[in-house]
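Here is the structure we will look at, set down as C-alpha cells.
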Amino acid sequence: MADISTLKKYKIILEEFEKREDKKLTGYDEVLSDILNLSPKQIDRLIKELSEEFDNIIEVNGTRRKTYQLIKPIDLFVETFDKSEEIGWFFNMAQDADPDIFKELEQFTNENKNIYKFQNSPFEDISTLEEKDIFKSLKRAVKNREYIKLRYKYIDEEYDNLKCLKLVFIDNNWYLAFIDSDNKLQLSRVSFIKDVGYASKLESFQKSSVKEQMLFLNSKLQNAMTLFGVKLKVAKLKINPYITRYFEKDMKKFLKTQRYMKKLDDGSIIITVEYTQYMEILPFIQSWMPNMIILEPKELKDAYIKRLNMTILNHI
C-alpha cells in the first residue's frame with residue numbers, strides 16, 4: 001500500500017469518528033489498522049495528536065484500552081483558520097505537498113463547507129513542478145544539504161558550488177534560496193532555472209555554516225526582495241481616511257514588519273514598515289496610491305517620486 005500523508009491520516013481518523021455510533025476510537029481499531037497500515041501504537045499517537053489540537057476530541061476515563069471520543073462534529077476550516085496559531089499546524093501537516101489536500105478538505109467540511117475556498121495554493125504549483133527534473137533535483141539538494149551547479153534560461157553563465165538551503169513559496173511564486181560562491185544569500189525564481197547539476201564540491205555542507213541564513217529565511221524574510229545582512233531602514237507612512245479601514249490596529253498586516261503607530265485627528269493613520277531596499281516596499285506603496293503617503297525617509301520618497309515620473313513619461 002502506498003504511503004499516506006499525515007494530513008490524510010488525520011482525515012481518515014476523523015471520518016471514522018463520524019461513522020461510529022458511539023463516536024469512540026482506540027489505537028487497536030481494526031478498520032483504521034487496515035486502511036492506514038499502522039501499528040496500534042502509531043494509530044494511538046495520531047488520535048492523541050488530534051485530541052491535543054481539537055477540544056472536540058477527548059480521552060475517555062476508566063477504559064481498559066486508551067479510548068478517545070468525538071463529542072461533536074469537527075469542521076476543520078473553522079477549527080483551523082479561526083485560530084492563527086493553528087494555521088501553522090495545518091500547513092505543517094500538509095508537508096507532503098499533496099495538491100489534492102485542500103480540495104479534499106473542502107469536501108470534508110460539514111455545515112460550513114460553502115464558506116471557504118482556495119482559489120490558489122502553493123501545492124497546486126507543486127503538482128506541475130514535481131514532474132520536472134529541476135524541481136526534483138532541487139528538493140534532493142535541499143534535503144541532503146548539497147552543493148549544486150545552476151544555469152539560467154536567460155543568462156549565458158554557469159554558477160557553481162551553491163549551497164541549496166530551501167524552496168520558498170513567496171509572492172505567489174516558487175524560489176530557491178541558496179548561498180552563492182561569494183557567501184551571499186540569494187532567492188532565485190525556480191521557473192527561471194534552465195538546469196541543475198552536481199557542483200565541483202561533492203560533499204554536503206554543514207548546518208552550522210548556514211545557521212544565520214536559515215534564521216533569516218525562517219523569521220525575517222518579508223518578501224522576495226528582502227536582502228540578507230543589510231541594516232534595516234524604517235519607512236513612516238500616512239494612510240488617508242479613504243483606506244484606513246484596511247490598516248486599523250486589529251487588521252491583518254500586509255507586511256511582516258508593519259506596525260500601527262497612531263490615528264490622527266483627521267482620521268488618517270500612521271504606520272511604519274521596515275525594509276532593506278526600496279524595491280522591498282515600493283510596489284506595496286504604489287499599490288495603494290494615491291492614499292498612502294511616504295513621510296520619511298526622504299530618500300525613499302525621492303525614489304518613489306522618480307518611479308512615478310518614469311511611469312508618467314512612459315504613458316505620454
Side-chain angles (χ1 to χ4, degrees), residues 81 84 87-88 91 117-122 125 154 165-178 184-192 212-213 215-316:
F81 288 93
S84 60
I87 294 176
F91 277 94
K117 176 178 177 56
F118 290 94
Q119 186 66 34
N120 304 105
S121 85
D125 293 319
Y154 311 108
L165 301 186
K166 187 170 280 194
L167 287 162
V168 182
F169 188 80
I170 192 169
D171 299 343
N172 293 316
N173 287 291
W174 279 103
Y175 288 81
L176 170 68
F178 65 88
K184 290 177 61 178
L185 175 64
Q186 297 194 36
L187 289 182
S188 177
R189 282 275 294 273
V190 172
S191 59
F192 292 165
E212 290 185 14
Q213 290 87 346
L215 176 63
F216 170 81
L217 288 175
N218 292 330
S219 61
K220 299 181 180 180
L221 186 67
Q222 184 160 245
N223 59 40
M225 293 297 170
T226 309
L227 298 177
F228 171 75
V230 174
K231 185 178 179 180
L232 289 172
K233 299 175 183 178
V234 179
K236 187 176 181 181
L237 308 172
K238 180 180 178 181
I239 313 301
N240 285 342
Y242 186 72
I243 60 168
T244 51
R245 61 185 180 276
Y246 300 106
F247 294 89
E248 294 288 352
K249 189 180 297 186
D250 58 346
M251 293 299 290
K252 179 183 177 182
K253 297 177 182 178
F254 293 96
L255 294 171
K256 183 180 290 187
T257 60
Q258 180 181 324
R259 298 288 181 271
Y260 177 97
M261 301 304 292
K262 62 181 178 179
K263 179 168 280 192
L264 303 180
D265 292 340
D266 65 357
S268 59
I269 287 175
I270 304 297
I271 67 168
T272 61
V273 179
E274 295 177 350
Y275 65 100
T276 58
Q277 63 168 329
Y278 297 151
M279 286 306 297
E280 186 175 348
I281 63 170
L282 281 183
F284 164 69
I285 295 171
Q286 192 163 351
S287 69
W288 291 98
M289 67 181 299
N291 295 296
M292 184 178 287
I293 301 165
I294 300 172
L295 299 179
E296 46 183 74
K298 183 180 183 302
E299 55 265 30
L300 178 64
K301 184 188 294 188
D302 291 343
Y304 184 46
I305 293 172
K306 181 179 179 181
R307 183 185 177 103
L308 291 177
N309 286 333
M310 289 176 63
T311 301
I312 293 170
L313 288 173
N314 287 336
H315 284 81
I316 294 177

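Remember, predicted model here, so these are calculated numbers, not experimental data.
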Looking at side-chain heavy atoms only, is the closest gap between [X] and [Y] below 4.5 Å?
| X | Y | value |
| --- | --- | --- |
| Leu237 | Val273 | yes |
| Glu280 | Asn223 | yes |
| Phe247 | Phe254 | yes |
| Leu264 | Ile269 | no |
| Val234 | Thr257 | no |
| Gln286 | Arg307 | yes |
| Ser268 | Lys262 | no |
| Ser191 | Trp174 | no |

**OP:** Assess whether atom CD of Gln277 is packed by more than 12 heavy atoms of other residues, nucleotides or ligands within 6.0 Å.
**Re:** yes
Original post:
Are there more than 12 heavy atoms of other residues, nucleotides or ligands under 6.0 Å from atom NZ of Lys253?
Top reply: yes
Original post:
Do side-chain atoms of Ser287 reach the backbone of Phe284 as a donor and acceptor pair under 3.5 angstrom?
Top reply: yes
**OP:** Using atom types as modelled and distance alone, determine if a side-chain donor or acceptor of Lys256 lies under 3.5 Å from a backbone N or O of Leu221.
**Re:** yes
Roughly how far apart are [X] [atom1] and [Y] [atom2], rounded to 0.5 Å?
| X | Y | atom1 | atom2 | result |
| --- | --- | --- | --- | --- |
| Trp288 | Ile239 | CH2 | CD1 | 8.5 Å |
| Ile294 | Lys238 | CD1 | NZ | 14.0 Å |
| Asn240 | Ile293 | CG | CD1 | 4.0 Å |
| Ile285 | Tyr275 | CD1 | OH | 8.0 Å |
| Lys220 | Gln213 | NZ | CD | 11.5 Å |
| Met261 | Ile270 | CE | CD1 | 9.0 Å |

Smallest separation among heavy atoms of [X] and [Y], with atom names:
| X | Y | value |
| --- | --- | --- |
| Leu187 | Ala177 | CD2-CB, 3.5 Å |
| Met225 | Thr276 | O-OG1, 3.9 Å |
| Tyr278 | Pro283 | O-CD, 4.4 Å |
| Leu215 | Ser219 | O-OG, 2.7 Å |
| Asn291 | Tyr242 | ND2-CD2, 3.6 Å |
| Ile271 | Tyr260 | CG2-CA, 4.3 Å |

Original post:
Is the charged tip of Arg189 near the ring of Phe192: under 6.0 Å from the six-membered ring centre and within 45° of its axis?
Top reply: yes
Original post:
Is any side-chain N of the basic residue among Asp302 and Lys306 closer than 4.0 Å to the acidic one's carboxylate O?
Top reply: no
**OP:** Using a strict cut-off of less than 4.0 Å between a Lys/Arg side-chain nitrogen and an Asp/Glu carboxylate oxygen, indicate whether Arg259 and Glu274 qualify as a salt bridge.
**Re:** no
**OP:** I would like to know whether Lys233 and Glu299 meet salt bridge (Lys or Arg N to Asp or Glu O under 4.0 Å); could you show each step before the answer?
**Re:** CA-CA 11 Å; Lys233 299 175 183 178; Glu299 55 265 30; 5.1 Å; no
